[in-house]
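Only one structure is covered here, and it is reproduced in the block below.
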Amino acid sequence: MTSKTKRGMFVALSAGAVLAVSACSGGATPAPGGSTASGGTDGSATDCAAYESYGDLSGKTITVYTSIASDAEAEPHIDAFVPFEECTGAKVEYEGSREFEAQLPVRVKAGNAPDLAYIPQPGLLQTLVKENADKVVPVGEAAAANVDKYYKEFWKSVGMVDGKYYGIPIGANAKSFVWYSPKVFAEKGYEIPKTWAELIALSDQIAADIPADDTTTKPWCAGIESGGATGWPATDWVEDMMLRVGTPEQYDQWVNHEIPFNDPTVVKAIDQAGSILKNEKYVNGGLGGITTIATTPFTDAGFPILDGMCFMHRQASFYQANWQTADPDADVSENGDVWAFPLPGEGATPPVLVGGEFALAFRDAPEVAALQAYLTSPEWSNAKADATPNGGWLSANSELDPNKLVKPIDKLSYELITAEDAVVRFDGSDLMPSAVGAGSFWKEMTDWIALGKSTQDAATAIETSWPKQ
């Protein structure tokens, strides 16, 4: 599970290939079948002028391999390729597999790699590149230029391996949210906190307002159970705290193991998460005591908000899909049954923890480079938004039209991750070696809650597990 997702490309074209620096170019050039294609993802005719730089790719096929296997989830991805196919004449063959993470390394080593693969974890991308240096293709000039132009520098840095650029950003999600009920807050007179101190003060106020004979209702609810990935929601808590008790530079040092996992700043961050997650006055609303956090499925952990037994739940933007599971009629909006506010920090603009997917290329060919450039263009981001009518998806491309984002929480997420002054960092455990990020970090945070393990002991155990160079 990558949330974690929890859930590049890229070759430089030869001098004779006509792939411009950007996928957006002026002037109308006929598509293989005419100046406009038969239809875009939103039902309108596609203006092929923006696809001019890709050239005529008639007869060319590009294969794309992802972990997205269900028809409902795969269809928007497939539909978003349509403008590219109709305007260039190329054919994109999409393959989704639930065995993606196990099968991709096998296929690469066997010489049967796809042209492009969507990688759900930067850690996996790093491993694939380092173990298959002769089989992966660095990002080409056109795609790299698009990322430089349309994305914050941070997104490019995540796709770098040993100084070379390999992975382009595909999708994104914002993780630093606190879900709550606007209706209940209005009834109680509670205000949205803007700083960490205000968040703790609000938690204390809610705890004080709960009748003494009510042992079920609490300010917060949480759950970190996720099958074989149990513990990852707790690591998200710690990552968010690292962005609040330390500097962005310290966060980067921590993720890259330039400071040890049991560094005082990291210990302080875990303790700050514990000031909520291990506080009997605060948790676990509607679910039990502190230890129930370890056994409560993360998918269900926020549901007590709808029953009035919990007031706040920290979870990512993608959690929006879970509310209708609990109540099909739940109104997820700013004045509805449930909504979210940014997890406060100390400054006016709180830092944002994000997740996302990246794409990696395995074949050096003009048509593959053209598709990777398309995937980094505003045209693709907007086509993908058009092709996702039920919402729940966004990219960090600065030219994505936010009006195309169906869900209000997606619009808020986009606003936060693209803000000029935003401090944005990728999910730390996804960047760490898998033995840590998807291993000891998950396990030790689970023991920290379920067994009452001390912060120092948990942090030291994770530090000891870090692979030796």
Side-chain angles (χ1 to χ4, degrees), residues 8-25 27-38 40-41 46-66 74 77-96 104 107-108 111-119 128-129 132 134-147 150 159 165-170 357-384 387:
M9 310 180 134
F10 315 101
V11 311
L13 291 179
S14 64
V18 284
L19 187 59
V21 161
S22 167
C24 305
S25 61
T29 294
S35 62
T36 59
S38 60
T41 56
T46 301
D47 181 356
C48 290
Y51 300 77
E52 171 187 313
S53 59
Y54 303 141
D56 185 350
L57 301 175
S58 298
K60 302 294 185 180
T61 298
I62 309 110
T63 60
V64 175
Y65 187 47
T66 86
H77 288 277
I78 296 169
D79 288 347
F81 292 133
V82 171
F84 176 83
E85 292 178 312
E86 294 189 337
C87 288
T88 66
K91 173 66 176 175
V92 180
E93 292 186 352
Y94 180 97
E95 179 186 0
L104 180 60
R107 289 180 55 174
V108 172
N112 185 35
D115 294 333
L116 299 175
Y118 289 1
I119 312 297
L128 285 166
V129 172
N132 304 278
D134 60 334
K135 297 179 179 178
V136 294
V137 183
V139 175
E141 293 180 1
N146 278 350
V147 174
Y150 300 117
Y165 188 29
Y166 287 96
I168 58 166
I170 300 295
E357 299 80 41
F358 296 79
L360 183 62
F362 296 94
R363 182 163 69 93
D364 186 346
E367 63 269 22
V368 179
L371 181 59
Q372 73 184 21
Y374 173 60
L375 291 169
T376 54
S377 72
E379 286 74 41
W380 180 79
S381 286
N382 285 294
K384 180 64 169 62

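Just so it is clear, the values below take in all heavy atoms, side chains as well, and ignore hydrogens, waters and symmetry mates. Along the sequence shown, residues carry numbers from 1.
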Open item on the list: Once salt bridge (Lys or Arg N to Asp or Glu O under 4.0 Å) is applied, do any residues pair with Glu95, and if so which ones, sequence neighbours excluded?
Closed with: Arg107
TODO: State, yes or no, whether a side-chain contact exists between Ser377 and Phe84 at a heavy-atom distance under 4.5 Å.
DONE: no
Open item on the list: Measuring only between side-chain heavy atoms, which start at C-beta, is Leu104 closer than 4.5 Å to Pro114?
Closed with: yes
Pairwise distance [atom1]([X]) to [atom2]([Y]) - rounded to 0.5 angstrom:
X	Y	atom1	atom2	answer
Lys135	Leu128	NZ	CG	11.5 Å
Leu375	Trp380	CG	CH2	6.0 Å
Asn112	Tyr65	CG	OH	9.5 Å

Among [options], the one residue meeting side chain to side chain contact (heavy atoms under 4.5 Å, CB included) with [X]:
X	options	answer
Val64	Leu371, Asp115, Val368	Leu371
Phe362	Leu116, Val137, Val108, Thr63	Val108
Thr376	Ile170, Val139, Val147	Val147

- [ ] Answer yes or no: is there a donor N or O on one side and an acceptor on the other, between the side chain of Glu85 and the main chain of Val92, under 3.5 Å?
- [x] yes
- [ ] Please confirm whether Phe81 and Tyr374 have ring centers closer than 6.0 angstrom.
- [x] no
For the student: nearest non-hydrogen atoms of [X] and [Y], plus distance:
X	Y	answer
Arg363	Thr61	NH2-O, 3.1 Å
Tyr118	Ala359	CD1-CB, 4.0 Å
Tyr94	Ala74	CE2-CB, 3.6 Å
Ala387	Ala80	CB-N, 4.3 Å

